[in-house]
Every structure is written in structure tokens, then in C-alpha cells.
Amino acid sequence: MDQPLRFKPFGFSSLFLMLIGWGGLYWLITQTLPYVWPRWGFFVLSLMAITGTVLPIVYFFHRRFPSEKPAESNVIVRQAVWFGVYGATLAWLQLGRLVTVYVILGLAGGLIAIEYFMRLREKAHWKPPITDDQPS
């Protein structure tokens with residue numbers, strides 16, 4: 001990618017996810033009873049809300065601390081979704097009172113390791129250099 005990433009698409013996506021996620025959570029918590037489908041809706045809406053909230057922060061960190069091969073847009077969105085999955089998973093585990101410091105750190109370490117190996121695999125793909133066949 002020759003041109004740097006712009007914030008506008010991330011801003012629209014983030015705003016949409018935050019409005020749907022936090023607004024839906026507010027409605028769900030104040031207007032429904034904790035049956036099966038509202039409970040699943042809670043996890044989906046919390047994933048959307050956390051992802052939308054963290055998306056601009058992840059974008060900022062990639063702009064502020066660029067790597068030698070800049071991150072593409074799919075990497076930024078994927079890392080924001082990891083935060084949403086982390087938050088929703090911790091909320092789900094809290095239902096059974098299973099959240100401890102070790103679970104919090106272990107889950108975070110596992111997700112960080114998965115993302116590290118995915119980024120390592122993406123960087124390892126060799127792409128042939130683009131050459132111009134026309135003599136100048």
C-alpha cells in the first residue's frame with residue numbers, strides 16, 4: 001500500500017459500532033429480562049461496543065508507532081475485534097464466577113500470542129518486487 005491509512009473510514013465504522021453497541025446495551029439492560037436471547041444479545045452488543053470504542057485507539061497506536069511494514073486496515077480492525085472478543089469472553093466467564101487474575105492474564109496472553117503469530121505469518125509472505133519491463 002503506497003498511501004497511508006486515513007482515519008475517516010475507521011471513524012465511521014467506530015461511530016456506527018459504538019452507537020449500535022452501547023445504545024443496544026442500554027436498551028437491553030433497562031428494558032429486558034435476562035432470558036436466553038437477551039443474554040446472547042448482551043454478548044454480541046458488548047463485542048460491538050468494545051470493538052467500536054477501541055478501534056480509534058488501535059488506529060492511533062499504529063499511526064504513532066509504525067512498524068517497518070505498516071499495518072493494513074484489516075490488521076487494525078482485527079486487533080480491535082480481539083479487544084471486543086476479550087471483553088465479551090470475560091463477561092461470559094463472569095456469569096459462572098470463573099474470572100480470576102490468572103484467567104484474565106492467561107486469556108490476554110493467549111490472544112496476544114495468536115495475534116503475534118498471525119502478524120509474523122503476514123510479514124513472512126514474500127512478494128516479488130515490481131519491476132518495469134520497459135527500458136527507460
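Keep in mind the model is a prediction, meaning the values are calculated, not measured. Starting from 1, each residue takes its place in the sequence as its number. The figures that follow rest on heavy atoms only: side chains count, while hydrogens, waters and symmetry mates do not.
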**Fill in**
The reported gap from CD1 in Ile50 to CG in Leu55 (rounded to nearest 0.5 angstrom) is 13.5 Å
**Residues in ring-ring contact (aromatic ring centres under 6.0 Å, His included) contact with Phe60, at least two apart in sequence or another chain** = none
Sequence neighbours left out, cut at 3.5 Å: what donor-acceptor pairs do the side chains of residues 113-124 make with other protein atoms?
residue : atom : partner : partner atom : Å
Glu115  : OE1  : Arg78   : NE           : 3.0
Glu115  : OE1  : Trp82   : NE1          : 2.8
Glu115  : OE2  : Arg78   : NH2          : 2.9
Glu115  : OE2  : Gln79   : NE2          : 3.1
Glu122  : OE2  : Arg78   : NH1          : 2.8
Glu122  : OE2  : Arg78   : NH2          : 3.3

**Message:** So, taking the atom named CG in Leu25 and the one named CD1 in Ile20, what distance separates them when rounded to the nearest 0.5 Å?
**Reply:** 11.0 Å
**Test item: Trp22 and Thr53 side chains (from C-beta on) under 4.5 Å apart, heavy atoms** = yes
**Request:** Answer yes or no: does atom OH of Tyr26 have more than 12 heavy-atom neighbours from other residues, nucleotides or ligands under 6.0 Å?
**Result:** no
**Contacts of type side-chain hydrogen bond (donor to acceptor under 3.5 Å, both in side chains), residue Thr89, not counting sequence neighbours** = none
**Request:** List for me each residue that meets side chain to side chain contact (heavy atoms under 4.5 Å, CB included) alongside Thr100, sequence neighbours excluded, and say none if there are none.
**Result:** Tyr102, Val103
**Request:** Treating Ile, Leu, Val, Met, Phe, Trp and Tyr as nodes and any side-chain heavy-atom pair under 4.5 angstrom as an edge, say whether Ile57 and Phe7 lie in one connected cluster.
**Result:** no
**Asked** In terms of heavy-atom contacts, does NZ of Lys69 have more than 12 from other residues, nucleotides or ligands at under 6.0 Å?
**Response** yes
**Message:** Return the CG to CD1 distance between Leu105 and Ile112, rounded to the nearest 0.5 Å.
**Reply:** 9.5 Å
**Request:** Start with the C-alpha distance between Phe83 and Thr51, add both sets of side-chain angles, then the distance that settles side chain to side chain contact (heavy atoms under 4.5 Å, CB included), and finish with yes or no.
**Result:** CA-CA 6 Å; Phe83 279 98; Thr51 300; over 6 Å; no
**Request:** Measure across Leu90 and Val99 and return the closest heavy-atom pair with its distance rounded to 0.1 Å.
**Result:** O-CG2, 3.5 Å
**Message:** To the nearest 0.5 Å, what is the distance between NE2 on His62 and CD on Glu72?
**Reply:** 11.5 Å
**Request:** Answer yes or no: is there a side-chain heavy-atom contact under 4.5 Å between Leu107 and Tyr86?
**Result:** yes
Quiz: residues 10-19 side-chain donor-acceptor pairs under 3.5 angstrom, not counting sequence neighbours:
residue : atom : partner : partner atom : Å
Ser13   : OG   : Pro9    : O            : 3.0
Ser14   : OG   : Gly52   : O            : 2.5

Considering only distance and modelled atom types, tabulate donor-acceptor pairs under 3.5 Å from the side chains of residues 31-49, sequence neighbours left out.
residue : atom : partner : partner atom : Å
Thr32   : OG1  : Leu28   : O            : 2.5
Ser46   : OG   : Phe42   : O            : 3.1
Ser46   : OG   : Phe43   : O            : 2.9

